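For reference, the structure is listed below as C-alpha cells.
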Amino acid sequence: MKVLVIGGDGYCGWATALYLSNRGYDVGILDSLVRRHWDLELGVETLTPISSIHQRIQKWEKLTGKEIDLFVGDINNYDFLQKSLREFQPEAVVHFGEQRSAPFSMIDREHAVLTQTNNVIGNLNLLYALRDDFPECHLVKLGTMGEYGTPNIDIEEGYITIEHNGRTDTLPYPKQPGSFYHLSKVHDSHNIQFACKVWGLRATDLNQGVVYGVLTEETGMDEMLINRLDYDAVYGTALNRFCIQAAIGHPLTVYGKGGQTRTFLDIRDTIRCVELAIANPAKSGEFRVFNQFTEMFSINDLALKVKQAGISLGLDVEINTIDNPRVEAEEHYFNAKNTNLLNLGLQPHFLSDSLLDSLLNFAVKYQHRVDRSHILPKVNWKRG
C-alpha cells in the first residue's frame with residue numbers, strides 16, 4: 001500500500017514514516033520543514049541532534065534498502081499539494097502536517113493566525129485534493145484529546161447519544177478546546193466530517209493524547225535516524241520535559257495545583273495506532289473517531305513517577321509548583337474511553353519504571369544540549 005505521511009519530518013511523523021516503511025508499506029513524506037524554522041524563531045534546539053531530512057532518508061535507504069519518496073513544500077500551496085499527490089498516487093494519507101503547540105498558538109495574534117491558517121486551510125486543501133483526484137483514499141488525520149476539554153461527564157469516542165425532550169440522536173461529542181491550537185483541530189474535525197458526508201470521503205480522526213518517549217525500533221537503528229525530543233516550554237510535552245529537567249538537576253515544573261489529568265501514550269503506540277487505522281480503513285462516507293491513548297495521569301502523578309525513577313538512578317529530583325500560565329481547570333473529573341484501537345489489536349506499552357529509566361538515561365546523555373533559558377514558560381494565556 002502507498003502511504004503518504006504529511007509532516008513526516010516531525011516528532012510523530014518521522015517515527016511513523018520509518019515504521020510503515022519497515023513494515024513493507026511504500027512510503028512518501030511531504031513536509032514544508034517549517035518545524036525546523038520555528039526552532040530557529042524560538043532560539044531553541046531539540047535535545048537530540050537531528051540530521052536534515054535528506055540525510056535521514058538517505059541513511060534509511062542505506063541501512064534497509066527501502067526508499068522513501070520526499071516532497072518538500074507547503075500544503076497551503078494547493079498546486080504543490082495536488083501535483084505531489086498525483087505524482088505519488090497514495091492509497092492512504094496520514095496527516096501530521098500541522099502546528100502542534102498550544103503555547104505557540106497563544107504567543108500573540110500573529111501566532112494564533114499562523115496556527116489556524118496553517119492547520120485549517122492546509123487540511124481543507126487536502127480534502128479538496130482527495131475529493132478531486134483520490135476519492136477512495138483513506139485519510140488518517142491526527143486530532144487531539146484536547147478537543148474535548150475537561151467535561152464533567154465521561155468522554156466518548158467522537159460521538160455521544162443524547163435523549164432530549166423524548167427524542168434520541170447520536171451527535172458529535174461537544175468540544176471545549178483550551179487554546180487556539182486546539183480550536184484549529186476542532187475546525188479540522190468539523191471540516192472532515194462534512195467532507196465525508198457530502199463527498200463520500202473516508203476518514204479516521206485519531207484524537208491523540210500526550211506522546212512521550214523518543215526511541216522506536218527504527219529511530220534507534222542509527223544516530224542519524226534519531227527522532228527530535230523537545231524540552232522547552234513551548235513544544236516540550238509534560239513527561240518529556242520532566243525527564244529532561246530531572247536529568248539536568250532542574251526542579252520539575254508543575255503548573256498550578258497539578259491536578260490536571262490528561263491522556264498519554266508511548267511513541268511506539270502512536271505508530272502502531274496509525275498502522276491499525278490504515279490496515280482497517282473507514283468506509284466510504286464514514287468519519288470515525290478513535291481516542292488514541294493508553295493511560296491517564298495527573299501532572300502530579302507524572303512528576304512523582306519521574307522523581308522516583310530519577311532517585312533510583314542517583315539523580316536529585318525536586319518538584320516545584322509554579323504559577324499556571326494557562327487558563328484551565330487544575331482539579332477536575334476526567335474519564336475518557338479508548339476501546340476502538342484496543343479492539344483492533346493495539347497492545348499498549350504502559351509507562352513503567354524501565355521505560356522511565358530509558359528516557360531519563362537518554363536525557364542524561366544529551367543534557368549538554370539543554371538551554372536552561374527555555375525551561376520555564378514564557379507564554380501566558382491571558383497576555384501572550
Side-chain angles (χ1 to χ4, degrees), residues 1-8 10-30 85 88 90-98 100 123 126-127 129-130 134-148 155-159 172-173 185 188-193 195-197 199-211 216-218 263-294 336-349:
M1 180 183 289
K2 301 195 74 172
V3 181
L4 183 66
V5 180
I6 299 177
Y11 174 52
C12 292
W14 177 242
T16 299
L18 293 191
Y19 175 77
L20 293 176
S21 177
N22 206 27
R23 298 277 288 182
Y25 291 86
D26 186 352
V27 176
I29 286 175
L30 188 155
L85 289 173
F88 186 72
E91 296 165 84
V93 172
V94 182
H95 184 16
F96 288 114
E98 300 200 329
R100 67 169 180 83
N123 182 69
L126 178 58
L127 293 174
L130 293 178
F134 302 95
E136 292 302 312
C137 182
H138 180 208
L139 172 61
V140 179
K141 167 69 164 57
L142 187 70
T144 170
M145 288 296 293
E147 291 187 31
Y148 298 120
I155 297 174
E156 306 298 331
E157 297 202 62
Y159 298 90
Y173 195 96
K185 292 288 195 177
D188 288 341
S189 295
H190 289 158
N191 284 339
I192 299 170
Q193 182 185 23
C196 290
K197 181 173 71 172
W199 297 335
L201 299 184
R202 60 183 78 219
T204 301
D205 204 7
L206 298 176
N207 280 341
Q208 182 169 256
V210 183
V211 185
T216 64
E217 178 184 337
E218 293 77 21
T263 54
F264 294 84
L265 76 163
D266 189 303
I267 184 71
R268 294 171 294 177
D269 290 335
T270 289
I271 58 182
R272 175 62 176 148
C273 288
V274 172
E275 184 190 20
L276 287 169
I278 292 170
N280 302 275
K283 301 173 184 176
S284 178
E286 182 183 13
F287 174 70
R288 64 183 185 180
V289 180
F290 294 166
N291 289 346
Q292 183 171 303
F293 70 92
T294 56
K337 307 295 179 58
N338 66 333
T339 57
N340 285 332
L341 285 161
L342 294 173
N343 289 341
L344 288 178
L346 176 65
Q347 297 179 323
H349 296 84

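Nothing here was measured: the structure is a model prediction, and the numbers come from that model. Heavy-atom basis, side chains included; hydrogens, waters and symmetry copies ignored.
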>> E156: which residues meet the salt bridge (charged side-chain N to carboxylate O under 4.0 Å, His left out) condition with it, sequence neighbours left out?
In response: K337
> Can you find a pair of side-chain heavy atoms, one from L85 and one from P90, that are under 4.5 Å apart?
Replying inline: yes
>> Checking F96 now: which residues fulfil ring pair (Phe, Tyr, Trp, His ring centres under 6.0 Å) with it, not counting sequence neighbours?
In response: none
>> Applying side chain to side chain donor-acceptor pair (under 3.5 Å), can you list everything that pairs with T339, at least two apart in sequence or on another chain?
In response: E157
> What closest approach, in Å, do N207 and T144 show between heavy atoms, and which atom pair accounts for it?
Replying inline: OD1-N, 3.3 Å
> CZ of F264 to CE of M145: how many Å apart, nearest 0.5 Å?
Replying inline: 11.5 Å
>> Under the rule for side chain to side chain donor-acceptor pair (under 3.5 Å), what residues qualify as partners of N123, not counting sequence neighbours?
In response: none
> Taking atom CD1 of I6 and atom CG of L142, what is their separation to the nearest 0.5 Å?
Replying inline: 12.0 Å
> Mind checking what makes side chain to side chain contact (heavy atoms under 4.5 Å, CB included) contact with C273, not counting sequence neighbours?
Replying inline: Q292, L341, L346
> For V5 and G13, which heavy atoms make the closest approach, and how far apart are they?
Replying inline: CG1-O, 3.8 Å
>> What I'd like to find out is whether the side chain of F290 reaches to under 4.5 Å of the side chain of L344, using heavy atoms alone.
In response: yes
> With sequence neighbours left out, what residues match E91 under side chain to side chain contact (heavy atoms under 4.5 Å, CB included)?
Replying inline: M1, K2
> At what distance, to the nearest 0.5 angstrom, does CG of L4 lie from CD1 of I29?
Replying inline: 9.0 Å
>> If I compare all heavy atoms of P348 with all of T294, which pair ends up nearest, and what's the gap?
In response: CB-CG2, 3.5 Å
>> Using side-chain contact (heavy atoms from CB on, under 4.5 Å), reason through I155 and N291 one step at a time and then give a plain yes or no.
In response: CA-CA 9 Å; I155 297 174; N291 289 346; 4.2 Å; yes
>> The criterion is side chain to side chain contact (heavy atoms under 4.5 Å, CB included); which residues satisfy it with K283, sequence neighbours excluded?
In response: E286
> Do the non-hydrogen side-chain atoms of K141 and K185 ever get within less than 4.5 Å of each other?
Replying inline: yes
>> Taking side chain to side chain donor-acceptor pair (under 3.5 Å) as the definition, give me every residue that meets it alongside E218, ordered by chain and number, with sequence neighbours left out.
In response: N22
> If you look at every heavy atom in S21 and V27, which pair is closest and at what distance?
Replying inline: N-CG2, 3.5 Å
>> Let me confirm one number: the CD1-CG distance from I192 to L130, rounded to the nearest 0.5 Å.
In response: 10.0 Å
>> Suppose we screen for side chain to side chain donor-acceptor pair (under 3.5 Å). Which residues come up paired with T204, at least two apart in sequence or across chains?
In response: H138, R288
>> For Y173, give me all partners under ring pair (Phe, Tyr, Trp, His ring centres under 6.0 Å), at least two apart in sequence or on another chain.
In response: Y148
> Got a sec, which residues hit side chain to side chain contact (heavy atoms under 4.5 Å, CB included) with A195, two or more places apart in sequence or on another chain?
Replying inline: L127, W199, L201
> Looking at side-chain heavy atoms only, is the closest gap between V3 and I278 below 4.5 Å?
Replying inline: yes
>> Once salt bridge (Lys or Arg N to Asp or Glu O under 4.0 Å) is applied, what residue pairs with a partner in residues 264-281 remain, sequence neighbours excluded?
In response: R23-E275, D266-R268, R272-E275
> What heavy-atom pair brings R202 and A282 nearest, and what distance separates the two atoms?
Replying inline: NH1-O, 2.9 Å
>> Distance check, rounded to the nearest 0.5 Å: T270 atom OG1 versus Q208 atom CD?
In response: 4.0 Å
> So do L18 and T216 actually touch side chain to side chain, heavy atoms under 4.5 Å?
Replying inline: no
> Does a side-chain heavy-atom distance below 4.5 Å link E98 with D188?
Replying inline: yes
